[in-house]
Structures are given as C-alpha cells and as structure tokens.
Trainee: 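Handing you this structure, nothing more for now.
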Amino acid sequence: MKIWSSEHVFGHPWDTVIKAAMRKYPNPMNPCVVGVDVLNRSLDNQGRLHSHRLLSTEWGLPSIVKAILGTSRTLTYIEEHSVVDPVEKKMELCSTNITLTNLVSVDERLVYTPHPENPEKTVLTQEAIITVKGISLSSYLESLMANTISSNARKVFKAVYADSCSCLVVYKGQQQVLDTLRRSGCPGVGDQQTKHRIGGAEVNA
C-alpha cells in the first residue's frame with residue numbers, strides 16, 4: 001500500500017475555486033478523463049449539494065506495468081461522490097475505481113476549504129491510497145502510480161486556475177494557457193503553493 005498526499009493553496013476565494021473544480025473535466029491539460037456522467041445530484045435539508053458521478057478514465061499505463069499486471073486494458077471507471085457545503089464553505093470529494101479492482105485499488109479524498117489566514121485563498125488537501133494486489137513488484141507499481149497521480153494533480157491545479165480566471169474559452173495546450181494568464185495579470189498565478197508527500201518524503205512543486 002502506498003499513501004500519497006498533497007496540500008495546494010489557490011490564490012482565489014473558495015466560491016470561485018469550487019465553481020472551477022466542479023467543471024474541471026473535460027480538461028485538455030489532463031486528457032486521461034475521457035467522459036463524465038452525472039448519476040445523481042440533490043440538495044439535502046441543510047442546503048448541501050450531493051453529487052454522484054461516473055468518470056471514464058484512460059490510465060495510460062506503461063507497457064511494463066500492463067505486462068506485470070497481466071492486462072492490456074487501460075479504460076477504467078471511477079465512482080465519485082462529493083458534498084458541497086456553502087454554509088461551512090467546505091467541499092469534500094471521495095472517489096474509487098470500480099474496474100480492475102482485482103488488480104489495483106485507488107481511493108482518493110479531496111477537501112477544499114478557505115485558507116485559515118486569508119479568505120481570498122483556498123486550501124486543497126488531497127490524499128490517495130494505492131494498493132496493488134496479489135502480484136510481485138507491488139511496491140514498485142504503487143510508487144509508479146503515486147507519481148502519476150502527483151503529475152495529474154498538477155495539471156488539474158492549472159486547469160482550475162485557468163477556469164477561476166475566466167480564461168477557459170479555448171485550450172490550445174498547457175503552455176499557451178499559462179502564458180495567457182501571466183500576460184493578463186490574473187491574480188493567483190504566481191501565488192501557487194503545493195506540497196506533495198509520497199510515503200514520508202515531502203516534495204514542493
């Protein structure tokens with residue numbers, strides 16, 4: 001089992017970041033998510049928005065990983081549940097894969113809250129538990145998948161920034177979007193703070 005965790009500070013208020021996070025897919029910066037279906041969405045008696053979605057993803061596993069796992073399948077379905085509480089200003093999202101579960105499980109949890117010292121910023125804490133089952137080299141594969149999750153997370157951060165700045169009209173590659181944000185002086189682009197943790201090692205990004 002491998003645990004990956006991350007903390008990221010967005011230079012935007014919670015309300016803005018949540019709107020962007022809710023529509024972060026489809027996202028050309030991270031094309032591994034190829035489809036999103038809303039299975040259910042409702043409000044409870046406390047005004048919290050509950051969403052149940054099915055994500056179709058292409059994991060894009062390297063050939064050596066597919067050989068070790070003994071599968072050529074890369075299309076995977078992810079079940080996602082989220083709760084947005086506009087009063088407490090908290091969004092919690094939990095997801096897990098529902099295919100290839102005999103080989104690997106990835107359980108992920110994200111929480112968006114206002115920055116405790118600056119309400120104009122938002123803190124995202126993220127954790128993923130990766131378990132490869134019943135094969136040799138499981139620790140190696142879990143580390144490889146943790147690195148992939150870390151890379152994908154950085155792409156999503158940039159997409160949320162783009163949407164938060166209303167620069168989501170046309171994507172023509174990650175660099176062009178970031179250049180546009182810098183030229184427009186969009187607040188928060190130079191104010192990103194990210195800390196990733198894989199096992200016991202912390203990496204700043």
Side-chain angles (χ1 to χ4, degrees), residues 1-8 18 21-42 44 48-85 90-112 124-157 159-160 194-203 205:
M1 182 179 71
K2 182 72 68 176
I3 299 175
W4 172 87
S5 62
S6 170
E7 181 179 286
H8 185 82
I18 293 309
M22 292 289 288
R23 58 190 186 194
K24 64 186 177 184
Y25 300 122
N27 168 19
M29 290 183 184
N30 184 18
C32 66
V33 178
V34 297
V36 179
D37 294 292
V38 178
L39 304 180
N40 185 47
R41 183 163 284 165
S42 62
D44 64 20
R48 297 176 301 185
L49 176 65
H50 295 256
S51 299
H52 181 197
R53 304 197 301 179
L54 182 69
L55 278 59
S56 306
T57 68
E58 281 285 354
W59 276 3
L61 299 175
S63 298
I64 186 173
V65 176
K66 289 188 283 187
I68 295 173
L69 290 176
T71 181
S72 59
R73 181 173 184 172
T74 57
L75 180 64
T76 306
Y77 294 102
I78 308 293
E79 188 176 33
E80 176 192 276
H81 293 268
S82 66
V83 180
V84 179
D85 188 332
K90 178 181 178 181
M91 175 180 177
E92 182 171 348
L93 185 152
C94 296
S95 65
T96 187
N97 59 300
I98 57 174
T99 51
L100 300 179
T101 53
N102 60 317
L103 299 173
V104 60
S105 64
V106 180
D107 299 304
E108 194 168 3
R109 179 174 178 264
L110 295 82
V111 179
Y112 296 82
L124 165 62
T125 57
Q126 187 172 1
E127 181 180 87
I129 301 175
I130 305 132
T131 307
V132 175
K133 308 172 184 178
I135 61 172
S136 59
L137 300 177
S138 60
S139 180
Y140 166 75
L141 293 179
E142 288 164 356
S143 296
L144 200 64
M145 296 185 72
N147 289 332
T148 300
I149 290 172
S150 181
S151 175
N152 288 340
R154 286 192 291 268
K155 296 173 185 176
V156 171
F157 296 155
V160 172
T194 307
K195 293 182 179 179
H196 300 293
R197 185 176 292 276
I198 300 175
E202 184 175 281
V203 179

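Only this structure's heavy atoms are used, side chains among them; waters, hydrogens and symmetry mates stay out.
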Trainee: Starting at CD1 of I98, measure out to OG1 of T96 and round the result to the nearest 0.5 Å.
Mentor: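 One finds 8.5 Å between CD1 of I98 and OG1 of T96.
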
Trainee: Compare all side-chain heavy atoms of L54 with those of E80 and state whether any distance is below 4.5 angstrom.
Mentor: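 SC-SC contact between L54 and E80 ruled out.
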
Trainee: Does a side-chain heavy-atom distance below 4.5 Å link N40 with R53?
Mentor: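 Result no, sub-4.5 Å side-chain heavy-atom pair not found.
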
Trainee: Under a 3.5 Å cutoff, is there a donor and acceptor pairing between the side chains of T76 and N97?
Mentor: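 No pair is found: no donor N or O on one side chain lies under 3.5 Å from an acceptor on the other.
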
Trainee: Measuring from atom CD1 of I130 to atom CD of E108, what distance do you get when rounded to the nearest 0.5 angstrom?
Mentor: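 Rounded to the nearest 0.5 Å, the CD1-CD separation comes to 8.5 Å.
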
Trainee: Kindly write out the residues that satisfy salt bridge (Lys or Arg N to Asp or Glu O under 4.0 Å) with R41, not counting sequence neighbours, or none if the list is empty.
Mentor: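 Checked R41 against salt bridge (Lys or Arg N to Asp or Glu O under 4.0 Å); zero matches.
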
Trainee: State, yes or no, whether a side-chain contact exists between V111 and L124 at a heavy-atom distance under 4.5 Å.
Mentor: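 When only atoms from C-beta onward are counted, L124 and V111 do not touch, as no gap falls below 4.5 Å.
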
Trainee: List in chain and number order the residues that pass side chain to side chain donor-acceptor pair (under 3.5 Å) with D85, two or more places apart in sequence or in another chain; answer none if no residue qualifies.
Mentor: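 Not a single residue meets the side chain to side chain donor-acceptor pair (under 3.5 Å) criterion with D85.
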
Trainee: I need the T125 OG1 to Y112 OH distance, nearest 0.5 Å.
Mentor: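 Answer rounded to 0.5 Å: 9.5 Å.
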
Trainee: Who pairs with S82 by side-chain contact (heavy atoms from CB on, under 4.5 Å), at least two apart in sequence or on another chain?
Mentor: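 Partners of S82 by the side-chain contact (heavy atoms from CB on, under 4.5 Å) criterion, ordered by chain and then number, come out as S51, M91, L93.
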
Trainee: Considering residues at least two apart in sequence or located in another chain, which fulfil the side-chain contact (heavy atoms from CB on, under 4.5 Å) criterion with H50?
Mentor: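 S42, D44, R48, V83.
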
Trainee: Would you please name every residue forming a side-chain contact (heavy atoms from CB on, under 4.5 Å) with S56, sequence neighbours left out?
Mentor: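 For S56 the side-chain contact (heavy atoms from CB on, under 4.5 Å) partners, ignoring immediate neighbours, are V34, L75, Y77.
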
Trainee: Taking atom CG of D107 and atom SG of C94, what is their separation to the nearest 0.5 Å?
Mentor: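 Those atoms lie 9.0 Å apart.
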
Trainee: Do E79 and H52 have side-chain heavy atoms sitting under 4.5 Å apart?
Mentor: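 SC-SC contact between E79 and H52 confirmed.
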
Trainee: Report the residues that fulfil side chain to side chain donor-acceptor pair (under 3.5 Å) with T101, sequence neighbours left out, ordered by chain and then residue number.
Mentor: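 Side chain to side chain donor-acceptor pair (under 3.5 Å) list for T101, sorted by chain: empty.
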
Trainee: Output all residues satisfying side chain to side chain donor-acceptor pair (under 3.5 Å) with E92, sequence neighbours left out; order by chain, then residue number.
Mentor: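 Here the qualifying residues are R109.
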
